[in-house]
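Values reported hereafter were calculated over all heavy atoms of this structure, with side chains retained and with hydrogens, waters and symmetry mates removed.
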Amino acid sequence: MSFPTHRLRRLRGSPLIRRMVRETRVTVDDFIYPLFVTHAETMPIPSMPGINRFSVDDLCREVEEVAKLGILAVMLFGIPEEKDDAGSGAYAEDGIVPRALRALKKSIGDDLLLLADVCLCEYTSHGHCGVLDEGRWTMDDMSTDAEAAMKSSSIVHRHSSTVANDPTLELLAKAAVVYAQSGADIIAPSDMMDGRVAAIRSALDVAGYVETPILSYAAKYSSGFYGPFREAAGSAPQFGDRRTYQMDPANRREAVREAALDIEEGADIIMVKPALPYLDIIRDVRGRFDLPVAAYNVSGEYAMVKAAAQNGWIDEDRVIGEVLTSIKRAGADIILTYHAKEFAQRKLNDSI
């Protein structure tokens, strides 16, 4: 049959009809709200308008407000007082995230789920997501001839070292146990080391946290959209980049392999990061696996919307709705987004 028998506009003619036939719905139940916690006083993050680094006390007040809006979960990222080569602040029992977790459990109990990001990048002096191998060198370590050869080739690196995968696993597992002991309801490894889900699952089980789920950053791409986060957490690499362990943005099939391995190792939820440039990956993962799928609407995506809105180039509320709907429509069951609070507040105001 053809026009005029079939008129698709018939189901678009009024707000009530559009609501009745709507295929994709975004609700506050879909969200995890990322939060930064610091030993210092609360300060705004310039590149992420509306987002702060919170002191522990202010974090508790913020999370209480978030819970009242109906948001089910928050993800904590810690900013330590000091950093070192081993990222020891990530797994210290008195570290910033364990302190925050204990305070939040005391403040809100079980009214909201607490997720703890597990990675070393915020805590290492070199800014990488794991410890470095022992073969690193600097130009000062080299002979005069070797130095001259490197300079003549225009390939001068501060270090030739790489992140040591297997030694890092032990530290990530240690951090996961410390976070679980401190009150984390879900552990979320984001480091992209091979085998880290298995190492964390084993460590949690041995420590008695058999029922603690793992949300794995299964397909985390080496992306240019992380800039504002790295400013917020002070986690930019001090040399090189993260391309040797985060995924190549050009690769699609590899993401399915990464997700399959994490599931085999014991992941309970798998995540794609970033979200908007990788909607096809979210769809691939959703179509292949039955586990809950999460997507991270990252800092750079958030910052672009805010910058355009501040310049009057877009309708902010409308664009936020489209962004979140696109992620849900692609197949995400869960969305980590810095827009969560304002979206929930807008929905609350609309219902009053």
Side-chain angles (χ1 to χ4, degrees), residues 32-45 48 51-68 71-125 127 129-131 168 170-191 196 200 203-204 207-209 211-215 217 229-235 299 336 338 340-341:
I32 298 172
Y33 190 36
L35 291 165
F36 298 93
V37 60
T38 175
H39 291 280
E41 63 182 20
T42 298
M43 293 288 290
I45 301 168
M48 300 176 69
I51 305 299
N52 299 300
R53 303 180 191 90
F54 287 105
S55 68
V56 172
D57 288 344
D58 287 342
L59 179 75
C60 290
R61 286 187 280 271
E62 177 73 2
V63 171
E64 288 173 2
E65 183 178 341
V66 167
K68 289 177 182 177
I71 295 170
L72 302 180
V74 297
M75 175 87 82
L76 298 187
F77 297 93
I79 303 169
E81 287 184 292
E82 297 181 353
K83 304 187 179 194
D84 56 39
D85 283 353
S88 60
Y91 42 88
E93 293 183 4
D94 62 346
I96 184 59
V97 168
R99 282 184 54 199
L101 287 167
R102 289 191 291 268
L104 287 171
K105 277 299 180 185
K106 183 177 180 180
S107 173
I108 66 168
D110 295 324
D111 290 343
L112 183 142
L113 292 170
L114 303 179
L115 287 80
D117 176 83
V118 177
C119 192
L120 301 188
C121 65
E122 297 108 301
Y123 304 92
T124 54
S125 53
C129 298
V131 294
T168 298
E170 181 180 351
L171 302 183
L172 296 170
K174 186 175 181 180
V177 171
V178 169
Y179 296 162
Q181 291 171 339
S182 302
D185 298 297
I186 300 175
I187 299 298
S190 64
D191 54 284
R196 89 271 202 212
I200 289 172
L204 288 172
Y209 295 96
E211 301 299 329
T212 299
I214 295 174
L215 185 160
Y217 291 63
F229 178 98
R230 291 176 180 176
E231 176 199 340
S235 62
S299 60
L336 275 80
Y338 301 95
K341 185 180 175 183

A.B. asks: Identify the two heavy atoms, one from Ala175 and one from Val118, that lie closest to each other, and give their separation to 0.1 Å.
C.D. replies: CB-CG1, 4.2 Å
A.B. asks: Apply the test side-chain contact (heavy atoms from CB on, under 4.5 Å) to residues Met48 and Glu231: give CA-CA distance (whole Å), side-chain angles for both, the deciding distance (0.1 Å), then the verdict.
C.D. replies: CA-CA 10 Å; Met48 300 176 69; Glu231 176 199 340; over 6 Å; no
A.B. asks: Considering residues at least two apart in sequence or located in another chain, which fulfil the salt bridge (Lys or Arg N to Asp or Glu O under 4.0 Å) criterion with Glu64?
C.D. replies: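 Glu64 satisfies salt bridge (Lys or Arg N to Asp or Glu O under 4.0 Å) with no other residue.
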A.B. asks: Quick check: does any side chain N or O of Asn52 sit under 3.5 Å from a backbone N or O of Phe54, one acting as donor and the other as acceptor?
C.D. replies: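 Here the side-chain-to-backbone pair does not exist.
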A.B. asks: Quick one, Leu171 and Leu120 - any side-chain contact, counting heavy atoms below 4.5 Å?
C.D. replies: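 In short, these two side chains touch, coming nearer than 4.5 Å.
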A.B. asks: Would a distance-only check, ignoring hydrogens and angles, find a side-chain to backbone donor-acceptor pair under 3.5 Å from Asp191 to Cys129?
C.D. replies: no
A.B. asks: Enter the distance from Asp110:CG to Asp185:CG here, rounded to the nearest 0.5 Å.
C.D. replies: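 Separation between the atoms: 6.5 Å.
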A.B. asks: Please output the side-chain donor-acceptor pairs of residues 93-102 that fall under 3.5 Å, not counting sequence neighbours, one pair per line with the distance.
C.D. replies:
unit_1	atom_1	unit_2	atom_2	d
Arg99	NH1	His39	ND1	2.9
Arg102	NH1	Glu93	O	3.2
Arg102	NH1	Ser182	OG	3.3
Arg102	NH2	Glu93	O	3.2

A.B. asks: Can you measure from OH (Tyr123) to OG (Ser88) and round to the nearest 0.5 angstrom?
C.D. replies: 10.5 Å
A.B. asks: Nearest 0.5 angstrom please: Ile71 CD1 to Tyr33 OH, how far?
C.D. replies: 7.0 Å
A.B. asks: Looking only at heavy atoms, which two atoms of Leu172 and Cys119 are closest? And how far apart?
C.D. replies: CD2-CA, 4.1 Å
A.B. asks: Show the nearest heavy-atom pair for residues Val131 and Thr168, with the distance to one decimal.
C.D. replies: N-OG1, 3.1 Å
A.B. asks: Evaluate the side-chain proximity of Leu104 to Cys60: yes if any heavy-atom separation is below 4.5 Å, no if none is.
C.D. replies: yes
A.B. asks: Could you check if a side-chain atom of Val74 sits within less than 4.5 angstrom of a side-chain atom of Leu112, using non-hydrogen atoms only?
C.D. replies: yes
A.B. asks: Return the minimal non-hydrogen interatomic distance between Leu115 and Ala73, and the atom names on each side.
C.D. replies: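 For Leu115 and Ala73, the tightest heavy-atom pair comes out as CD1-CB, 3.7 Å.
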A.B. asks: Between Asp85 and Ser125, do the side chains contain a donor N or O and an acceptor N or O under 3.5 Å apart?
C.D. replies: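 Yes, Asp85 and Ser125 have a side-chain donor paired with an acceptor closer than 3.5 Å.
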A.B. asks: When you compare the side chains of Asp117 and Tyr217, does any donor N or O come within less than 3.5 Å of an acceptor on the partner?
C.D. replies: yes
A.B. asks: To the nearest 0.5 Å, how far apart are OG1 in Thr212 and CD1 in Ile187?
C.D. replies: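 So the OG1 of Thr212 and the CD1 of Ile187 are separated by 6.5 Å.
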A.B. asks: Can you tell me how far the CZ atom of Phe77 sits from the SG atom of Cys121, to the nearest 0.5 Å?
C.D. replies: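 Nearest 0.5 Å value for the CZ-SG distance: 9.0 Å.
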A.B. asks: Check Ala188 against Met75 and note the closest heavy-atom contact, atom names and distance.
C.D. replies: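 Residues Ala188 and Met75, closest heavy atoms: CB-CE, 3.6 Å.
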A.B. asks: Has Asp58 got a side-chain atom pairing as donor or acceptor with Glu62's backbone, closer than 3.5 angstrom?
C.D. replies: no
A.B. asks: Tell me, do Glu41 and Ser55 make a side-chain contact under 4.5 Å, heavy atoms counted?
C.D. replies: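 Sidechains of Ser55 and Glu41: no contact.
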A.B. asks: Working note: Leu204 + Ile214, criterion side-chain contact (heavy atoms from CB on, under 4.5 Å); need CA distance, chi angles, decisive distance, verdict.
C.D. replies: CA-CA 10 Å; Leu204 288 172; Ile214 295 174; 4.2 Å; yes
A.B. asks: Centroid-to-centroid, Phe36 to Phe229, below 6.0 Å?
C.D. replies: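 Under 6.0 Å, so yes.
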A.B. asks: Are the side chain of Lys83 and the backbone N or O of Gly234 linked by a donor-acceptor pair below 3.5 Å?
C.D. replies: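 Side chain of Lys83 to backbone of Gly234: a pair is present.
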A.B. asks: Look only at the side chain of Arg53 and the backbone of Ala232, and say whether a donor-acceptor pair between them is shorter than 3.5 Å.
C.D. replies: yes
A.B. asks: Write down the atom of Lys105, the atom of Gly183, and the distance for their closest heavy-atom approach.
C.D. replies: CE-O, 2.9 Å
A.B. asks: Rounded at 0.5 Å granularity, tell me how far CG in Leu59 sits from OG1 in Thr38.
C.D. replies: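 Spacing of CG (Leu59) from OG1 (Thr38) equals 11.0 Å.
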A.B. asks: Determine, stepwise, if the pair Val63 / Ile108 fulfils side-chain contact (heavy atoms from CB on, under 4.5 Å).
C.D. replies: CA-CA 8 Å; Val63 171; Ile108 66 168; 3.6 Å; yes
